[in-house]
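Structure first, then comments.
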Amino acid sequence: HSYVGGLAGIALGGQITDASATATVAGTTSVGGLVGVNGAEGRRLSGSTITNASAGGTVSVPDGAESTEYVGGLVGQLYTADVTSSTANVNIDVRNANTATYVGGLVGYANQSHITGSQATGAVNVTGSSSVGYIGGLAGDVYGGEVRDSSAHGDVAGSSAGLVNRVGGLVGEADAVENGTARGNVTVDSNGLAVGVGGLAGGVRNTVKDGTATGTVMVEADYGSGLVGGLAGILYTVSNGTATGNVNVTVETANSTVAVGGLVGQADLVKSGKATGDITVATEGSAGGIGGLLGSMFPEDYDQGRVEGSEYTGNIVVTADNVPDGPVNGADLGETSYAGIGGLAGYAFSIVDTSFDGSVTVTAESEVENVDRVAGILQENAELNPRVRNVTVDGSVEINSGNGASTSGGSSNDDDDDRSSVDVRSMAQSDAAGAQDGGSDVAPTSATGFVVSMRNVDGGEQIAVDFTEQ
C-alpha cells in the first residue's frame with residue numbers, strides 16, 4: 001500500500017500541468033490525491049514542477065496501520081519539485097495507526113521545495129496509538145522550502161495515546177511562511193505530551209511574515225503541554241502576524257504547561273503582531289511562560305525575546321497548582337521555559353510600542369509569582385537592561401491562591417522612551433509583579449491607595465501618578 005495516487009503513484013521529475021483527479025485513494029505510505037511521490041530523495045531533477053493541478057475526493061489510511069507517513073491531499077511526498085497554483089478539496093482520514101507523520105491537506109512532506117499560490121479546503125484528521133506529528137491543513141512539513149501566498153480552510157485534528165508533535169492549521173512545520181492563512185480550528189488530544197501547536201503553524205524554523213489564523217486552538221494532554229500559540233507554537237520571528245481565535249490548553253495531571261501565547265508560544269521576535277482571542281490554561285501542575293502575545297522567549301537568548309508594535313485584546317485565565325518563582329521544567333519539552341504570566345508576555349526581554357486591553361486571572365492552590373499586566377518576567381542581563389517603552393495597558397490582574405487574593409487594574413501609559421517601565425497596581429497585590437526587576441516601590445499614603453512600581457527609571461525623572469481610589 002505504498003506509492004498510491006489518484007493519477008500516478010510515482011512521478012520522477014518532469015512537469016505536471018493542468019492535471020486533475022477526483023478519487024477515493026487509500027494507502028499507508030506516500031499517498032496523494034493526485035500523486036503518491038513526485039521526485040526522488042537526494043536527486044535534483046531539473047524543471048520538476050506541479051502547476052495548476054487539482055485533486056478532489058478522499059485520502060485515507062486503513063484502520064490499524066503499523067506505520068504511516070507522507071500523506072497529502074494532492075501529493076504525499078515532494079522532492080525538489082515546486083507546487084504552484086494548485087488546489088486540493090480532499091478530506092484526509094488517518095485512523096488508529098501506530099505512528100503517523102507528515103500529513104497535509106495539500107502536501108504531506110516537501111523537501112527542498114516551495115508551495116506557492118495554492119490552497120487546501122478539506123479537513124485533516126489523524127489518530128495514532130503511539131505518536132503522531134507534522135500535521136497541517138496545507139502541508140505536514142516543508143523542509144528546506146517556503147510556503148507563500150497559500151491557504152488552508154479545513155479543520156485539523158491530531159490525537160494519540162502518546163506524543164503529538166507539530167500540528168498547525170496551515171503547516172505542521174516549515175522553514176518559512178509568507179502571506180499564509182489558516183481558517184480552520186486546530187484540535188490536539190494526547191494521553192501523553194502535546195508540543196508545538198498553532199493556529200497557522202505548529203513550528204516554523206525561521207520566519208512568518210504576513211500570517212493569519214482565525215480558528216480556535218484547543219489542546220488536551222495528560223503528561224504535559226507546551227509551545228502553543230494562536231498563530232504558531234514556536235518560531236524565531238513573526239512580522240505582521242494575526243490570530244483571532246481562542247487558545248485553550250488543559251493538562252489533566254500534575255505536569256506542567258509552559259510557553260503558551262495568544263500569538264506565539266515561543267519566539268525571539270514578535271513585530272507588528274495582533275491577537276484578539278482569549279487564553280485559557282488549566283493544569284494540576286505548574287504553569288509558566290504564558291502571555292497575550294508571547295508565551296516565552298528562548299531562555300538561552302538573553303538579548304532577544306522582543307515584542308514590538310503589537311497589541312493583545314482578550315482575557316487570560318490560568319488555573320494551576322502553582323506559578324513558581326523560577327524555571328518550569330516543560331515535561332521533557334527539550335527547552336526550559338521560565339515562569340511568569342503577563343498580559344503581553346510571560347517571559348521576555350523587551351516590550352516596545354505595544355498595548356494590552358483585557359484581564360489576567362490566576363487561580364492556584366499554592367504559590368503564585370511573577371504575574372503582571374505587561375510581562376511576568378523581564379530578563380535581566382549584565383550588559384543589556386530590559387526595556388519597556390510606550391506600552392499602553394487598560395486591564396486588570398486578579399490572583400487567587402493559597403497565599404491570599406489580590407487584584408489590580410486601571411489604565412496606564414508609558415510614553416517616555418527613556419523610561420523602562422512604570423506600572424500602577426493596588427496595595428493588595430503582592431510585590432511579585434515587580435520584584436524580579438530590582439525596582440523600588442513608593443509606599444502608599446492610605447490603605448486604599450496605589451503602589452507605584454518603577455523599574456530602571458532614570459535618575460532625576462519626575463513621575464506624576466493619579467492616586468484615585470478604586
Side-chain angles (χ1 to χ4, degrees), residues 67-72 77 92 94 97 99-111 115 120 124-128 130-147 152 155-160 162-177 180 182 184-190 192-208 211 213 215 217-221 223-236 238 243 247 249 258-261 264-267 295 298 330-335 337:
S67 176
T68 186
E69 57 185 355
Y70 312 130
V71 178
Q77 275 181 285
I92 296 179
V94 179
T99 62
T101 53
Y102 306 114
V103 182
L106 187 80
V107 177
Y109 175 76
N111 188 301
I115 300 173
V124 178
N125 183 36
V126 180
T127 63
S130 178
S131 65
V132 301
Y134 299 93
I135 303 164
L138 184 83
D141 188 9
V142 181
Y143 181 82
E146 300 181 357
V147 176
D155 293 341
V156 178
S159 63
S160 173
L163 173 68
V164 179
N165 181 33
R166 299 300 191 271
V167 181
L170 185 76
V171 296
E173 189 156 73
D175 276 22
V177 175
N185 298 321
V186 176
T187 304
V188 166
D189 187 356
S190 171
L193 178 67
V195 54
V197 183
L200 184 81
V204 177
R205 298 179 185 92
N206 294 298
T207 301
V208 169
V217 176
M218 180 173 293
V219 178
E220 293 187 5
Y223 187 63
S225 182
L227 310 179
V228 179
L231 186 76
I234 180 172
L235 50 73
Y236 280 98
V238 55
V247 177
V249 180
V258 297
V260 178
V264 184
Q266 192 165 49
F298 291 93
D332 294 339
L333 291 178
E335 296 281 354
S337 173

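Keep in mind the model is a prediction, meaning the values are calculated, not measured.
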*Carefully, step by step, assess T99 and S130 under the rule side-chain hydrogen bond (donor to acceptor under 3.5 Å, both in side chains).*
CA-CA 6 Å; T99 62; S130 178; over 6 Å; no
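The closest side-chain heavy-atom distance from V164 to E220 is not below 4.5 Å.
Nearest heavy-atom pair across G169 and A182 is C-CB, 3.6 Å. Looking at every heavy atom in both residues, I135 comes nearest to G158 through CD1-CA, 4.3 Å. V249 and S225 make their closest contact through CG1-OG, 3.8 Å (heavy atoms, listed as atom of the first residue, atom of the second, distance). Of all heavy-atom pairs spanning A139 and I115, the tightest one is CB-CD1, 4.0 Å. Nearest approach of A176 to V204, heavy atoms of both residues: CA-CG1, 3.9 Å. Listed here is the closest heavy atom pair of G229 and V217: O-CG2, 3.8 Å.
The CZ atom of F298 sits 4.0 Å away from the CD1 atom of I234 when rounded to the nearest 0.5 Å. Here CD of E173 is found 8.0 Å from CG of D175. Values are rounded to the nearest 0.5 Å. Separation of atoms OH (Y134) and OG1 (T101) is listed at 9.0 Å; rounding is to 0.5 Å. Note that OH of Y236 is 8.0 Å distant from CG of N206, once rounded to the nearest 0.5 Å.
Across L200, V171, V208, V107, a single residue satisfies side chain to side chain contact (heavy atoms under 4.5 Å, CB included) together with V147, and that is V171. Among V195, V156, T187, the one residue that satisfies the side chain to side chain contact (heavy atoms under 4.5 Å, CB included) test with V167 is V156.
Between the side chains of S160 and S131, no donor-acceptor pair of N or O atoms lies under 3.5 Å.
The closest donor-acceptor contact from the side chain of S159 to the backbone of S190 lies at 3.5 Å or more, if one exists at all. For the pair D155 (side chain) and N185 (backbone), a donor-acceptor distance under 3.5 Å is present.
Between Y70 and Y109, the ring planes lie tilted relative to each other; the angle falls in the 30° to 60° range.
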